[in-house]
Every structure is written in structure tokens, then in C-alpha cells.
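Here's the structure we're looking at; comments come further down.
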Protein chains: 2
Amino acid sequence: MRITKQREVILKILAERRDHPTAFEIYEHAKNLFPEISLSTVYRTLKEMVERGEVIEIRMDGETKARYDINTGNHAHFRCRNCGRIFDIEILFPLKLIGFKVEKVEIYIYGLCDECAKKEVMA
Amino acid sequence: MRITKQREVILKILAERRDHPTAFEIYEHAKNLFPEISLSTVYRTLKEMVERGEVIEIRMDGETKARYDINTGNHAHFRCRNCGRIFDIEILFPLKLIGFKVEKVEIYIYGLCDECAKKEVMA
DNA sequence: ATTTGTGCAAATCCTTTGCAGATAA
DNA sequence: TTATCTGCAAAGGATTTGCACAAAT
């Protein structure tokens, strides 16, 4: 994989943002740093990174568009119904699937984050 | 929601199949039972059922197309890397997200099912 | 009769791809 | 040099929608 300005920019965005942007959001952000970049390059680069296992692709709650996450370890995503933010959450739990070989786990959790839960009780 | 032949057929398919079919697979199956049915009716009906909470939509491992499941309780999906089958799995685990209000959980697990794991050891 | 549902075709949204020119090694 | 990467525009796949007709209440 050659080092190009486009790939540097995409990697930098993924490393700095932890809000799980879509390909289009990454493209919009990248244009500020490198205006000539194209949307297809963003898609191509993300696809390659996913295939290499450097980035994971998530789709919360049946969304048609994918979001990207440079955190490749097994972890859960929590989306707040109120503010829409997506939090990374580490969950340790005992998987006892007798005879099954578990290679990857994706967990999506929906509800209210601590701040919004407080507000709802008050309202 | 009026009772039409189309909706009866779609419900019957969802109730009988537990292999998490896509909209197109439901359409193909439905045509055997009611040839005049259209793909857009299948999509429209599924979307309505999802909005009513009668059916859930899942997208395993970044698949672009949705799959449908009449089992609406919180449960995990296990996809076998080898045979591709998707198993429903009940997992009880303690969620301790302090201050967070959990309303829904989606868990996707990937690996080898018991049968395929045995074969891999032997091979 | 009135409201809701349907099929069809066209539109839309997200993503991928072919190609000819550009760039990193 | 030369293999890989890029932008563009066009194609592709999944899903949604406008509309006039059909069916359910």
C-alpha cells in the first residue's frame, strides 16, 4: 500500500475522530485538508483498510450506510436515542457457546446515555 | 393494517423460516405462494412491520442488504464462517453501564458452529 | 363510498468499477 | 520505468416513492 496524501488524510481523520463517521462524512472532512480528494478514493481506501483488518465497518440499527472505526478490538457501541452520539464501550462477559468457536463479536446497544437519562427523569 | 393476501403470505414466511431471509429472498419465496406479489410490496410491508416493532432488521458483518427476523426479543445471532448458517442464540449477561439506560441490544457473533468446528479440527 | 394497499416503473441512496491519466517506488 | 493509485463518470445493488388502479372495510 503506497503512501499517498489521500491515504494519509483518511488515516489521520480516522485516528482523530472517534465518532464513527460514514464514508461521506470522512470525505467532507478530508476535503478541508486536501480539496482534490474524491469520494471514490475514500470508498476504495476504506474498503481496502477493512479488508486488511485495520479498520472495522459498523452499521447500527439497520442503517443502510456503513460507519468506520479504527478501534478494531472487540467492543460494543452504545448509541444514545436522544443525542445520537455513539460511545465505545468495553464489555467483558462470559461467552459460553458450547462447541462454537467464537472469532468476532459485534454488540450494538441502544438507549439513553447518562446525561440524557438524567434529563429524561427531570422532564 | 388491513389483512391482504400479500401480508398473510409475508407473515407466514417470516413465521415459518428462521434463517433470517433478505427482502428479496422473501419475495422469491412469496411468489410461489402468490405469484402476483411485487417486490415493492414486500419492501413496504417489511418496513411497516419493522416500524411497528413486529419484526426486526439485522445486517450482519457490514452486509449492505437487511435480513428480517420475527423473533423480536433481545438475542444474539451467530453466523458460521464455514456453512453460512445464522443461529439464534440466547445470551444472558450482566450489563453494567452505570447511568446508561439500555433499551435494546444487538449482538452479532462470528466464527464456526459446532459441526464445522469439529470438521476443522479433523482437517 | 372511502380509505388503504398494490403493481409498475422511475427515482434515490450508497457503493463499486472501468478507464485513461497521474504518481510513488 | 512500471506497477499502483487517482478522479471522473457511469454502472450497480438495495431500497423507496409517485401514481393510477384495485381491494378491503
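Listed by chain and residue number, nothing satisfies the ring-ring contact (aromatic ring centres under 6.0 Å, His included) test with A/Tyr68 (two or more places apart in sequence, or in another chain). Residues satisfying the salt bridge (charged side-chain N to carboxylate O under 4.0 Å, His left out) criterion with B/Lys65, sequence neighbours excluded, are absent altogether.
In this structure, the CD1 atom of B/Ile3 is 12 Å from the P atom of C/dT6, given to the nearest Å. Distance A/Glu63 CD to D/dA14 P: 19 Å, rounded to the nearest Å. Between the CG atom of B/Leu11 and the P atom of C/dG5 there is a distance of 14 Å, given to the nearest Å. In this structure, NZ of B/Lys31 is placed 17 Å from P of C/dT6, rounded to the nearest angstrom. The nearest whole Å value for the distance from the NZ atom in B/Lys47 to the C1' atom in D/dA14 is 13 Å. Rounded to an integer number of Å, the gap from A/Phe24 CZ to C/dT16 P is 16 Å. Nucleotide D/dT15 holds its C1' atom 13 Å from the CD atom of B/Glu51, rounded to whole Å.
Residues from residues 64-72 of chain A with heavy atoms under 4.0 angstrom of DNA chain C, sorted by number: A/Thr64, A/Lys65, A/Ala66. Within residues 12-19 of chain B, no residue has any heavy atom closer than 4.0 Å to DNA chain D.
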Would you tabulate the pairs of protein nitrogen or oxygen atoms and nucleotide nitrogen or oxygen atoms of nucleotides 5-8 of chain D closer than 3.5 angstrom?
| residue | atom | partner | partner atom | Å |
| --- | --- | --- | --- | --- |
| D/dC5 | OP1 | A/Arg2 | N | 3.4 |
| D/dC5 | OP1 | A/Arg7 | NH1 | 2.8 |
| D/dT6 | OP1 | A/Thr4 | OG1 | 2.8 |
| D/dT6 | OP2 | A/Arg7 | NH2 | 3.3 |
| D/dT6 | O3' | A/Gln6 | NE2 | 2.9 |
| D/dG7 | OP1 | A/Gln6 | NE2 | 3.3 |
| D/dG7 | OP1 | A/Glu36 | O | 2.9 |
| D/dG7 | OP1 | A/Ser38 | N | 3.4 |
| D/dG7 | OP2 | A/Ser38 | N | 3.2 |
| D/dG7 | OP2 | A/Ser38 | OG | 2.8 |
| D/dG7 | OP2 | A/Thr41 | OG1 | 2.1 |
| D/dG7 | N7 | A/Arg44 | NH2 | 2.9 |
| D/dG7 | O6 | A/Arg44 | NH1 | 3.3 |
| D/dG7 | O6 | A/Arg44 | NH2 | 3.3 |
| D/dC8 | N4 | A/Ser40 | OG | 3.3 |

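Closest non-hydrogen pair, B/Thr72 versus B/Gly53, comes out as CG2-O, 3.6 Å. B/Glu25 approaches B/His20 most closely through the heavy-atom pair OE1-O, 4.5 Å. In terms of heavy-atom proximity, A/Val55 sits nearest to A/Ile70 at CG2-CG1, 4.3 Å. Taking every heavy atom of both residues into account, A/Pro21 and A/Ile26 meet most closely at CG-CG1, 3.6 Å.
Using bins of under 30°, 30° to 60° and over 60° for the plane-to-plane angle, the ring pair B/Tyr27/B/Phe24 lands in the tilted bin.
Contacts classified as side-chain hydrogen bond (donor to acceptor under 3.5 Å, both in side chains) and involving residues 34-45 of chain B (residues at least two apart or in different chains) are given here: B/Ser38-B/Ser40, B/Ser38-B/Thr41.
With contacts defined as side-chain heavy-atom distances shorter than 4.5 Å, the pair A/His75/A/Ile56 qualifies. Side-chain contact between A/Glu54 and A/Leu14 is absent, with no heavy-atom pair separated by less than 4.5 Å.
Salt-bridge formation is detected for the pair A/Lys12/A/Glu16: a Lys NZ or Arg NE/NH1/NH2 atom is positioned less than 4.0 Å from an Asp or Glu carboxylate oxygen.
The side chain of B/Tyr43 places an N or O atom within less than 4.0 Å of a non-bridging phosphate oxygen (OP1 or OP2) of D/dT15.
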